[in-house]
Amino acid sequence: MEYEVQKAALVIDVSDNVAVALTDLTKGDQCSVRFPNRVECMTVLEDISFGHKFALRDISQNEVLKYCEEIGRMSVGIQKGGYIHHHNMYCERGMK
């Protein structure tokens, strides 16, 4: 029996500006983003591997929030649905 795996992502805290992919996502996929208090449908702009982050809104060179904490800053701006990883985000804590 074949079934389709639901494309989904999780938001840890309502103040977060990133979601974590719960499955591998392919550019253009629509996925259910599970917030603590609601579910929204979003389209991802790039391939995103399981466990990796994508932007919930446009983020210019500002802080990346996950777990209601700053986990880094964007080195370049990114659009809603864009992939966030070490190629476009840095952590000042590790630079000191």
About how many Å separate [atom2] of [Y] and [atom1] of [X], when rounded to the nearest 0.5 Å?
X	Y	atom1	atom2	answer
K7	D29	NZ	CG	4.5 Å
E63	M89	CD	CE	12.0 Å
D58	Q79	CG	CD	6.0 Å

Over all heavy atoms of both residues, which pair between [X] and [Y] is shortest? Give the atoms and the distance, please.
X	Y	answer
P36	V11	CD-O, 3.6 Å
R34	A8	NH2-CB, 3.6 Å
F54	C31	CZ-SG, 3.9 Å
N17	L65	OD1-N, 2.8 Å

- Query: With distance as the sole test, does N62 use its side chain to make a donor-acceptor pair with the main-chain N or O of I59 at under 3.5 Å?
  - Reply: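 The answer is no, because no donor-acceptor pair under 3.5 Å joins these two groups.
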
- Mark yes or no for whether Q61, through its side chain, and M74, through its backbone, hold a donor-acceptor pair below 3.5 Å.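 Looks like no, no N/O pair under 3.5 Å.
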
- Message: Using the rule given for side-chain contact (heavy atoms from CB on, under 4.5 Å), can you reason through S15 versus D13, listing the C-alpha separation, both sets of side-chain angles and the distance that settles it, and then say yes or no?
- Response: CA-CA 5 Å; S15 65; D13 187 274; 2.8 Å; yes

- Stepwise side-chain contact (heavy atoms from CB on, under 4.5 Å) check, Y83 with L25: CA-CA 10 Å; Y83 180 43; L25 301 172; over 6 Å; no

- Message: Can you list everything that forms a salt bridge (Lys or Arg N to Asp or Glu O under 4.0 Å) with R73? Sequence neighbours excluded, please.
- Response: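 Per chain and number, R73 pairs via salt bridge (Lys or Arg N to Asp or Glu O under 4.0 Å) with E70.
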
- Message: If you count every heavy atom of other residues, nucleotides or ligands that lies below 6.0 Å from E40 atom CD, does the total exceed 12?
- Response: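 Buried by this count: over 12 neighbours within 6.0 Å.
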
- Message: Run I48 and H85 through side-chain contact (heavy atoms from CB on, under 4.5 Å) and show every step you take.
- Response: CA-CA 10 Å; I48 300 166; H85 202 51; over 6 Å; no

- Message: Under the side-chain contact (heavy atoms from CB on, under 4.5 Å) test against V64, which residue among I78, D16, N88, V18 passes?
- Response: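 Among I78, D16, N88, V18, the one that satisfies the side-chain contact (heavy atoms from CB on, under 4.5 Å) with V64 is V18.
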
- Verdict with supporting geometry, S49 and D47, side-chain contact (heavy atoms from CB on, under 4.5 Å): CA-CA 7 Å; S49 299; D47 293 346; over 6 Å; no

